[in-house]
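Whatever order the structure lists them in is the order used to number ligands and atoms, beginning at 1. All heavy atoms count here, side chains included; hydrogens, waters and symmetry mates do not. Here the structure is a predicted model, which means the values were calculated and not measured.
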Amino acid sequence: MVSTQPILSATGLTMEFRGFVAVNDVTLSVNEGTIHALIGPNGAGKTTVFNLLTKFLTPTRGRITFRGADITGLKPAEVARLGLVRSFQISAVFPHLTVLDNVRVALQRPSGLATQFWRSSNALSTLDERAMELIDAVNLSSYRDLTASELSYGRKRALEIATTLALDPAMLLLDEPMAGMGHEDIGRISDLIRRIARNRTVLMVEHNLNVVADLCDRVTVLARGEILSDGSYDKVSQDPRVREAYMGTEHE
Ligand SMILES: Nc1ncnc2c1ncn2[C@@H]1O[C@H](COP(=O)(O)OP(=O)(O)OP(=O)(O)O)[C@@H](O)[C@H]1O
């Protein structure tokens, strides 16, 4: 479902922190149905751009549109209702609840699917059916009765993604989904992201360039708050400016 139709666009995005320009005139678009990566050396401004796009920060200048609507002035919860959802870190998962209960809770959030069934007599069975679908989608069916705290790091991350998918977002923003993971979990989460992206758009900040090369249709490279290069991984990785920006910087 890779298209050239932008679902999320930013124009002239600038973020100043007390005079320090962390993000400078960034213009980028993410096409519908793609897996798009935001990469760059440490301090390049990736997290700041991510926070601007998910509305956790308000830009000093610039404009953001999602599915053609101007979302620059909206709050995170408002953009979530429009279908642009940020995946939180594992801290968003309740450690003492089971996998199933975590997903049930997520489905009952105000903007979750459950509200549509709130008054129906079969609300609970519909909720459970959907919860099981989501758990299955992230390959946690055999772990559904374990508490979140009993899961491995990678599976916690998968559970956290399931709770985000409960909102049925058209676009998911992931902040370093592979951070702190070993080889096996990276493979598992890569497969999961690939599956999720079959019918939605994914934008991810990622440090692991092997993951980016393997997974992403398009890559935007930031350095010192500005866009350095944009295109396929092969294209940007051969760009001399990108090589120079990464040179001498430590990279995991
Ligand atoms: N709230 C803030 N106040 C002041 N400066 C900030 C703030 N947030 C970020 N910065 C600065 O903006 C620059 C970009 O930071 P940002 O965290 O966006 O980079 P990054 O590419 O995500 O880095 P890393 O890969 O190390 O996480 C850095 O110089 C950082 O110190």
Side-chain angles (χ1 to χ4, degrees), residues 8-30 35-64 66 71-76 79 84-92 153 157 160-161 164 171-182 185-186 189-190 193 201-216 218-231 233 235-237 239-252:
L8 180 72
S9 304
T11 317
L13 220 49
T14 297
M15 185 73 211
E16 292 179 14
F17 295 107
R18 289 196 215 102
F20 173 75
V21 184
V23 170
N24 188 20
D25 199 21
V26 162
T27 293
L28 67 89
S29 47
V30 179
I35 306 181
H36 193 128
L38 207 51
I39 70 168
N42 293 336
K46 304 179 293 291
T47 305
T48 306
V49 168
F50 190 86
N51 286 335
L52 288 168
L53 295 177
T54 48
K55 312 305 301 131
F56 281 73
L57 283 175
T58 303
T60 313
R61 281 185 294 285
R63 184 166 177 260
I64 305 167
F66 179 64
I71 60 162
T72 318
L74 298 190
K75 297 191 172 72
V79 295
L84 175 64
V85 173
R86 165 189 188 141
S87 172
F88 287 93
Q89 298 295 335
I90 284 154
S91 55
Y153 189 81
R157 194 72 231 221
E160 190 275 325
I161 289 175
T164 309
M171 180 165 181
L172 198 63
L173 291 104
L174 303 169
D175 191 7
E176 294 192 40
M178 312 297 177
M181 279 185 193
D185 279 341
I186 287 179
I189 297 295
S190 291
I193 292 173
T201 310
V202 173
L203 174 68
M204 55 198 262
V205 171
E206 184 51 59
H207 272 286
N208 186 325
L209 296 182
N210 292 326
V211 168
V212 172
D214 179 46
L215 205 58
C216 299
R218 185 152 158 204
V219 181
T220 299
V221 188
L222 282 174
R224 294 196 194 91
E226 297 186 6
I227 292 186
L228 208 55
S229 193
D230 185 273
Y233 182 82
K235 180 189 159 207
V236 303
S237 61
D239 186 328
R241 287 167 306 172
V242 174
R243 287 166 172 259
E244 194 188 337
Y246 269 98
M247 215 154 5
T249 65
E250 210 177 317
H251 230 80
E252 4 359 339

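Screening L215, L173, L38 for a side chain to side chain contact (heavy atoms under 4.5 Å, CB included) with M204, the sole residue that qualifies is L215.
Looking at E176 next to ligand 1, no N or O pair under 3.5 Å apart turns up. Looking at A22 next to ligand 1, no N or O pair under 3.5 Å apart turns up.
Side-chain contact, T201 with H36: no donor N or O sits under 3.5 Å from an acceptor N or O. There is no side-chain donor-acceptor pair under 3.5 Å between D25 and T14.
Looking at heavy atoms from C-beta onward, L13 lies in side-chain contact with L53 at the 4.5 angstrom threshold. You'll find the side chain of D175 stays beyond 4.5 Å of the side chain of K46, heavy atoms only.
Taking every non-hydrogen atom of T48 and a distance limit under 4.0 Å, the qualifying atoms of ligand 1 come out as 9 (C), 15 (O), 16 (P), 18 (O). Residue contact check: F20 has heavy atoms under 4.0 Å from atoms 11 (C), 12 (O), 13 (C), 29 (O) of ligand 1. Short contacts between ligand 1 and T47, defined as distances under 4.0 Å to a heavy atom of the residue, involve ligand atoms 17 (O), 18 (O), 20 (P), 22 (O), 27 (O). Which parts of ligand 1 touch H207 is read off a 4.0 Å heavy-atom cut-off, strictly below it: atoms 25 (O).
Under 4.0 Å from ligand 1, not a single heavy atom of F50 appears.
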What do the steps show when you test M178 against I189 for side-chain contact (heavy atoms from CB on, under 4.5 Å), and what is the final call?
-> CA-CA 7 Å; M178 312 297 177; I189 297 295; 3.8 Å; yes

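When only non-hydrogen protein atoms are considered, atom 5 (N) of ligand 1 lies nearest to F17 CD1, 3.5 Å. Among all non-hydrogen protein atoms, the one lying nearest atom 25 (O) of ligand 1 is K46 NZ, 2.7 Å. Looking from atom 23 (O) of ligand 1 to the surrounding protein, the closest heavy atom is G43 N, 2.8 Å.
Under a 4.0 angstrom heavy-atom cut-off, G45 registers as being in contact with ligand 1. Ligand 1 lies nowhere less than 4.0 angstrom from a heavy atom belonging to R18.
Both tests hold for R86 against F56: distance to the six-membered ring centre under 6.0 Å, angle to the ring axis within 45°.
When distances from atom 30 (C) of ligand 1 to the protein are checked, no heavy atom turns up under 4.0 Å.
No side-chain donor-acceptor contact under 3.5 Å links K55 to the backbone of V79.
The nearest pair of heavy atoms linking L222 to A44 is O-CB, 3.3 Å.
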